[in-house]
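All remarks here apply to the structure that follows.
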Amino acid sequence: MNAKLAGFIFGMLAAGTANAVVVADLEDVTNGGGFFAKVTIADIVGGVKVTADIADPINVGLTKGDILGLGLHISDEILLPLTIANNGNEDPLGIITGTCQTANGCDLFNGGAGSPGTGFDITVDLGINGSAAGFIQTLMFEMSDVGLTAMNFADQTIGMRVQSIEGTTFASGSSKLIGDGPATPP
């Protein structure tokens, strides 16, 4: 293969992965199902943008719901720790109160060793219960590091903790949700 053709193929491959988006559908695992979330991880310059959403139309008729935390597995743990942005554009309320970045060592659900929700590589905690700032139904933040792309989250488990749920067919209360990023993102 000549150098010009190899360069073209590499460029096409790089272009194909430079705009990757991983979309994961999460479902309640603690109350028999019926409550949902959508997590989108999209490539941006220097890293990824993460959006977590439980609002209507994902949960039709939702009037209240408060995201407490998000847990992610990453395929390349060598990238840890990542820089997690908590800035005015992505987190206008300054609601990210803590993070954990330990390969298979972050507990999202406070369930103790071996229970669902333990063993995430990254967790982002909001720690604002029914906050004075309002209920958080959509969360956006950025993570960055050299080599980090959305593809690092393809075919990986994602979890979420939600509380103060009202207005859906799901009974009022709290929920722990789990889902996987697709193996081949669209």
Side-chain angles (χ1 to χ4, degrees), residues 19-44 47-74 84-87 89-99 106-111 115-117 120-143 149-186:
N19 296 312
V21 176
V22 172
V23 179
D25 294 315
L26 283 59
E27 185 171 4
D28 163 54
V29 294
T30 54
N31 299 298
F35 189 78
F36 306 95
K38 184 172 291 291
V39 176
T40 304
I41 304 170
D43 286 344
I44 58 172
V48 297
K49 180 175 186 172
V50 178
T51 304
D53 192 359
I54 61 170
D56 192 336
I58 295 166
N59 291 292
V60 176
L62 183 70
T63 57
K64 290 184 182 176
D66 199 16
I67 299 172
L68 293 182
L70 186 67
L72 304 165
H73 280 289
I74 187 168
I84 298 178
N86 189 14
N87 61 47
N89 290 331
E90 302 306 321
D91 181 10
L93 303 174
I95 56 175
I96 296 175
T97 58
T99 64
C106 300
D107 184 2
L108 177 65
F109 297 158
N110 298 326
S115 70
F120 283 102
D121 301 321
I122 303 163
T123 56
V124 174
D125 298 317
L126 305 186
I128 303 173
N129 302 344
S131 76
F135 291 98
I136 308 303
Q137 294 183 5
T138 303
L139 169 68
M140 290 183 283
F141 60 93
E142 296 176 2
M143 296 188 296
T149 71
M151 291 303 295
N152 291 113
F153 301 95
D155 201 28
Q156 300 295 312
T157 301
I158 298 173
M160 182 186 293
R161 283 188 73 193
V162 179
Q163 72 169 13
S164 304
I165 300 167
E166 291 182 19
T168 69
T169 56
F170 182 79
S172 297
S174 65
S175 186
K176 297 167 184 163
L177 299 96
I178 295 281
D180 292 322
T184 309

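All figures in this text were calculated on a predicted structure; none of them were measured in a lab. Side-chain atoms are counted along with the backbone in the values below, which use heavy atoms only and exclude waters and symmetry mates.
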[atom1] of [X] to [atom2] of [Y]: how many Å apart, nearest 0.5 Å?
X: Q156; Y: F120; atom1: CD; atom2: CZ; answer: 10.5 Å
X: L126; Y: D66; atom1: CG; atom2: CG; answer: 7.5 Å
X: I178; Y: D25; atom1: CD1; atom2: CG; answer: 13.5 Å
X: T157; Y: L72; atom1: OG1; atom2: CG; answer: 10.5 Å
X: I122; Y: I84; atom1: CD1; atom2: CD1; answer: 6.0 Å
X: F36; Y: I58; atom1: CZ; atom2: CD1; answer: 11.0 Å

Restricting to non-hydrogen atoms, name the atom on [X] and the atom on [Y] that form the minimum distance, rounded to 0.1 Å.
X: A42; Y: V21; result: CB-CG2, 4.0 Å
X: C106; Y: T123; result: CB-CG2, 3.6 Å
X: F141; Y: A85; result: CB-O, 3.7 Å
X: F153; Y: V22; result: O-CG1, 3.9 Å
X: G65; Y: Q137; result: O-CG, 3.2 Å
X: G33; Y: E27; result: CA-OE2, 3.5 Å

**Request:** Could you walk me through whether L70 and I158 pass side chain to side chain contact (heavy atoms under 4.5 Å, CB included), step by step?
**Result:** CA-CA 7 Å; L70 186 67; I158 298 173; 4.1 Å; yes
Where the side chain of [X] meets the backbone of [Y], is there a donor-acceptor pair that is under 3.5 Å apart?
X: D43; Y: A150; value: yes
X: D121; Y: H73; value: no
X: N59; Y: D56; value: no

**Item:** Those residues that, when tested against T138, pass side chain to side chain donor-acceptor pair (under 3.5 Å) (two or more places apart)
**Value:** D53
**Message:** V50 vs M143, test: side chain to side chain contact (heavy atoms under 4.5 Å, CB included). Steps then yes/no.
**Reply:** CA-CA 8 Å; V50 178; M143 296 188 296; 3.8 Å; yes
**Message:** I'd like to check K38 versus V23 (side-chain heavy atoms, cut-off strictly below 4.5 Å). Are they in contact?
**Reply:** yes
**Request:** Begin with the C-alpha distance, continue with both residues' side-chain angles, and end with the deciding distance and a verdict on side chain to side chain contact (heavy atoms under 4.5 Å, CB included) for T51 and L139.
**Result:** CA-CA 6 Å; T51 304; L139 169 68; over 6 Å; no
**Message:** Which residues pass the side-chain contact (heavy atoms from CB on, under 4.5 Å) test with A37, not counting sequence neighbours?
**Reply:** L26, I54, M160, L177
**Message:** Tell me every residue that passes salt bridge (Lys or Arg N to Asp or Glu O under 4.0 Å) with D180, counting only those two or more places apart in sequence or in another chain.
**Reply:**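 If we apply the salt bridge (Lys or Arg N to Asp or Glu O under 4.0 Å) test to D180, skipping adjacent residues, there are no hits.
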